[in-house]
Amino acid sequence: MKKFKSATKMDYNFKEIEKKWQQYWEENKTFKTPDDTSNPKKYYVLDMYPYPSGAGLHVGHPEGYTATDIVSRYKRMKGFNVLHPMGWDAFGLPAEQYAIQTGTHPSIITNKNCDTFRRQIKEIGLSYDWDREINTTDPDYYKWTQWIFIKLYNTWFDFEQNKGRDIKELIVPADLVSKGSEAEKEYIKSKRLAYYDNAQVWWCNSCKIVCANEEVLTDGSHEKCGHTVEKKNLKQWMLRIHHYGDRLLQGLDGLDWQDGVKDMQRNWIGKSVGAEVDFTIDGLDEKIKVFTTRPDTLFGATYMVLAPEHELTKKITVKEQLENVEAYIKAAGLKSDLDRTDLAKDKSGVFSGRYAINPANNEKIPIWIADYVLTGYGTGAIMAVPAHDTRDFEFAQKFKLKINCIMDPETPDEDVRKAVLKGEMSWTEGGRYINSSNSQSGLDINGLDKAEGIAKAIEWLEDNKLGEKKVNFKLRDWLFSRQRYWGEPFPVIHWEDGEISLLEENELPLILPELEKFEPGNSGESPLSNAGDWLNVVDENGRKGRRETNTMPQWAGSCWYYLRYIDPLNTGAIFDKKKEKYWMPVDLYIGGAEHAVLHLLYSRFWHKVLFDLGIVSTDEPYTKLFNQGMILAFAYETQTGAKVGGDFVEQKESKFFHKETGEELKQIVAKMSKSLKNVVNPDDVTSKYGADSLRLYEMFMGPLDAAKPWDDKGVKGVFGFLAKAFRFFANTENITEEEDDKETLKALHQTIKKVESDIENLHFNTAVSAYMIFTNHVTKKGKVSKKTAETFALILAPFAPHLAEEFWQIYGHNDTLSYEPWPQVNESYLTEASFEYPVSFNGKMRFKLELPVDVDKAGVEKAALEDERTHKWLEGKTPKKVIVVPGKIINFVI
RNA sequence: GCGGAUAUGGCGGAAUUGGUAGACGCGCUAGACUUAGGAUCUAGUGCCGCAAGGCGUGGGGGUUCGAGUCCCUUUAUCCGCACCA
């Protein structure tokens, strides 16, 4: 008797299959994006490109990459022209630190890391168009980053038109023109979106670098290295992003982004509407301007507070208090932000000895200096209304200042109301004003509610020239320079006479010079200050100049990289206009939540500027944004909570023990980290189970946006599925020329429908289970038609492309299936002749009753009442009510 | 404190507009085949109970014929922001 085919022949040899198809795709340039812009169906799918670190790819990367790859492959089969590129955010600190340590040029290590990343990504079978690969450190790329910087420099924001305009169109007010060209220049400078100015900046002594506010954690440490940062005054490039605050806020409304991300951006922009009010000072010819969102509470303002750093602080302080105030300013300056936050509950402050006049009632109110008022927000000074602001209330209580209630609170709690009226509690909600009228000043809001009061108070301020309506943003200007070597050089020359000029477009790129030493200076000097010849320039008149030695931050390159993919080899322009118009906006952008605010906000800012200048065709760059969840891993800890590295853990039955001490350990879920020894390397997964298994498991783990733990057993599970699918679908003995039966056709079309809608909705986990259900069905049947097997190969292709191509070839096709049309769902296979009604009693399902679908409501009820099982559950009673929802459910109410 | 999210078996997770809770996978149990293997196949598997049956979606309350899903309230965890006037 003949033996069966040897088992090994039917083994799922993923190594051979995957290598073969990866080679095929590469050699045939299968995923080259057609430059044909005539196809009206286009789809731009973007990943957040990685920083190519020395550690290589991490299993978190392929999660988002697989998701976008599935969408890309699916859209191609749906007839879309798909742009799906990849590149490298390759400027960055680690390469520079490595250069400092070893003397190796950062580009060497960067290129090596890029090679590793590229190899690893190719081994996952992602369908990128590699001809469009970009690298932010490539002069042909950063030439255009510099070019955009010049645009920013030459643009101002016109609040009347609510858009950015060319600086040449800025009209300098006549009174400034008459003051001379210096005043004119200053005015223009004050409007440019990029400007060079003194800035108090965070300085990390360990990294020897300036950090953006956003890079300093709340505990006052540098996000990158953990060392405490300090304040330093340096000349820096700044970007006037806050002028775009409203535009950035408004733009969010129309975007298909997760609410969490939109809220984070709104919060960060932090728009608040209120008024600026001028307070005169008793016995001094100065005014203090404050910002308040509650001008209606002016009658309750019983004192004022200036931030310690406020410019008038020392000036207003009376002699007798000067010593105290100076000591306080000094102490506040030494406090880190952490201390200020920590002491939030225990407010500190010192009296200046001076009084201001409350314009509402002409009362003298004391001026205090306290660090609970921040320099960087509003005007750095406040009017304090302790009765209606919790912070002012705390401060007033501590320093026994007057608390003047001016609103009868709207609350059902009589105790609260009494306490507020007596000034024993602060009230920030609504109510009706009391004690808010003064015949001398002419302001009277008594009896009004909060909204009316605010409106009337602003009107009064403006009529009396005491203040005006004002909008404030938390968003501050963006500190845009770093004392680094490994970044884009600024196309800027500082002349000996103090003038600043920017390079012309034809002088770009300004290439980063070669250096021997990459260390920054100790006092905040960039490494480029050692660049010798590169540094010094002389113009045609013999005027000497020095190039800017700072470089741009890492954000710069990633602010616009999605635009360069559109036309990456263009040497004459940033991109071709027609191509930009065709491909933009990005239809789907997937990446990590860590970029929810900064990268996405900066990038939207640049994009809006480019839009206003007519360089791009859309106001927003990313139509749909989706943040993938973090991939976590199991870790182990002792009863006392000490973490134990994975290599010290052994499993006995379902419990975990320390290999050396024998102590029982608790399994927890934690971020992957070197110290916990729980990092999963994608290379290990692909070599053990293959790329298709990695892809499938990453999608099967759970919803894309959820944080979920990696479990090696789960990879084994999907590997088992792929092997099972291979054994069935790759064995031509199972493929017949006969027609499928109804159940198989139904199962197939259900699967097509499910996979299609799951991809559209980014519900990849349930699509994988649909494949499994179908495969389980056909393996039970034993045979399947060639048509059905081919259809299955096509719908499997986005998720497991290597295996799908293999099936396709086995079924006699010589070409890739990447551009085969996506199978059509035939609804007629999905309709059923009968429906199995769940029959419930008081909402509890008891049995099922199969009835033809065309039976009407009355018929269903009749059939259900006649069923003998119904009699049993009714126990002889007559049902009070019978609910029949055709095609859904039968419910008896007893 | 503010904003956002999450909570379902031993585990990861399913569940159109309120309509059969636990799909699919892991794990576990039993069996088949076997060059007794971490392969494959078959059956079972929410919990309690011999069974009939009862109980079950973090807790409490409500709306409804019917609630994982809607409303109120509460707890826990995670993420972001944090004296922003």
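The basis for the numbers below is simple: all heavy atoms, side chains too, and nothing from hydrogens, waters or symmetry mates. Throughout, a chain's letter reflects where its sequence line sits, starting with A, and its residues are numbered from 1.
- Checked against the 6.0 Å centroid criterion, the rings of A/Y697 and A/F719 do not qualify as a close aromatic pair.
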What are the atom names and distances for every N/O pair under 3.5 Å that joins the protein to nucleotides 45-53 of chain B?
unit_1	atom_1	unit_2	atom_2	d
B/G53	OP1	A/K872	NZ	3.4

* Asked: When you look at A/D246 and A/K271, which way does the salt bridge (charged side-chain N to carboxylate O under 4.0 Å, His left out) test go after all the steps?
  -> CA-CA 8 Å; A/D246 253 324; A/K271 178 179 178 172; 2.7 Å; yes
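- Using Watson-Crick or G-U wobble geometry with both donor-acceptor distances under 3.5 Å, B/A7 finds its partner in B/U75.
- A/S272 has a side-chain polar atom (N or O) that falls below the 4.0 Å cut-off from OP1 or OP2 of B/A85.
- The ring of A/F634 has its center no closer than 6.0 angstrom to the ring center of A/W710.
- Within the shown strands, B/G31 is the pairing partner of B/C41 under the Watson-Crick or G-U definition, both distances less than 3.5 Å.
- Spacing between B/C78 and B/G66 at atom C1', rounded to whole Å, works out to 34 Å.
- Base pairing of B/A52 is not made with any nucleotide, judged by Watson-Crick or G-U wobble geometry with both donor-acceptor distances under 3.5 Å.
- Taking atom P on both nucleotides, B/C72 is separated from B/C79 by 27 Å, rounded to a whole Å.
- To the nearest angstrom, P of B/U40 lies 13 Å from CG of A/L722.
- With respect to A/R266 and A/D263, a salt bridge is recorded, a charged nitrogen being found less than 4.0 Å from a carboxylate O.
- Across all strands shown, B/G12 forms a Watson-Crick or G-U wobble pair, both distances under 3.5 Å, with B/C24.
- As rounded to the nearest Å, B/U34 and B/U42 have C1' atoms that lie 15 Å from one another.
- Of the charged side-chain nitrogens involved, none lies within less than 4.0 Å of a carboxylate oxygen, so that A/K783 and A/E733 do not count as a salt-bridged pair.
- Using cut-offs of 30° and 60° for the angle between ring planes, the A/F721 and A/Y771 rings count as parallel.
- Remark: A/E63 engages A/K708 in a salt bridge, criterion side-chain N to carboxylate O under 4.0 Å.
- Summarising the geometry, the separation between NZ on A/K708 and C1' on B/G13 is reported as 11 Å, rounded to the nearest angstrom.
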Name the pairs: protein N/O against N/O of nucleotides 77-81 of chain B, kept only if under 3.5 Å.
none

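- Glycosidic conformation, B/G9: syn, with the torsion inside 90° of 0.
- No donor-acceptor contact under 3.5 angstrom links the side chains of A/K671 and A/N678, judged on distance only.
- Ring-centre distance between A/F792 and A/F774: below the 6.0 Å cut-off.
- Nucleotide B/G80 is matched to B/C2 when pairs are restricted to Watson-Crick or G-U wobble geometry with both distances under 3.5 angstrom.
- For A/Y372 and B/A82, the OH to C1' distance is 17 Å, given to the nearest whole Å.
- Note: A/F892 and A/F841 have parallel aromatic rings, judged against thresholds of 30 and 60 degrees for the angle between ring planes.
- A gap of 32 Å separates the C1' atoms of B/A32 and B/C48, to the nearest Å.
- Nearer to the 5' terminus of RNA chain B, by closest-nucleotide assignment, is the contact made by A/P709 (compared with the other of A/P709 and A/G378).
- Figure legend. B/U69 is base-paired to no nucleotide; pairs are counted as Watson-Crick or G-U wobble with both atom distances under 3.5 Å.
- Following rounding to the nearest Å, A/N842 (CG) and B/C55 (C1') show an atom-to-atom distance of 16 Å.
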* To do: Could you walk me through whether A/W478 and A/Y602 pass the ring pair (Phe, Tyr, Trp, His ring centres under 6.0 Å) test, one step at a time?
  => CA-CA 9 Å; A/W478 173 16; A/Y602 293 158; 3.6 Å; yes
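- Checking B/A85 for Watson-Crick or G-U wobble geometry (two distances, each under 3.5 Å) identifies no partner in any strand.
- A straight line from CZ of A/F626 to P of B/A5 spans 13 Å, rounded to a whole angstrom.
- Rounded to the nearest Å, the gap between the C1' atom of B/U75 and that of B/A85 is 33 Å.
- Judged by a 6.0 Å distance limit and a 45° cone about the ring axis, A/K347 is positioned over the six-membered ring of A/Y372.
- Across B/C83 and B/A76, the matching C1' atoms stand 28 Å from one another, rounded to whole Å.
- Mapping A/A706 and A/G260 onto RNA chain B via the closest heavy atom, the residue that lands nearer the 5' end is A/G260.
- Between the C1' atom of B/U6 and the CG atom of A/D259 lies a distance of 15 Å, rounded to the nearest Å.
- The distance between atom CE of A/M701 and atom C1' of B/G13, rounded to the nearest whole Å, is 11 Å.
- Nucleotides B/G13 and B/G9 are separated by 12 Å at their P atoms, to the nearest Å.
- When only modelled atom types and interatomic distance are considered, A/S272 and A/Y377 share a side-chain donor-acceptor pair under 3.5 Å.
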* Do nucleotides 15-30 of chain B as a string where each nucleotide becomes B, S or -: B if the base has a protein heavy atom under 4.0 Å, S if just the sugar-phosphate does, - if no protein is that close. => --B-BB--BBSSS---
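- In this entry the distance linking NZ of A/K780 with C1' of B/C41 reads 11 Å, nearest Å.
- Between A/R727 and B/C41 there is a side-chain N or O to OP1 or OP2 distance below 4.0 Å.
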* To do: Apply ring pair (Phe, Tyr, Trp, His ring centres under 6.0 Å) to A/W368 and A/F395, showing your working.
  => CA-CA 10 Å; A/W368 284 67; A/F395 191 82; 5.6 Å; yes
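- For B/C50 and B/A5, the C1' atoms lie 46 Å apart once the distance is rounded to whole Å.
- In this structure, the nucleotide among B/A85, B/A14, B/C65 sitting nearest to the side chain of A/V893 is B/C65.
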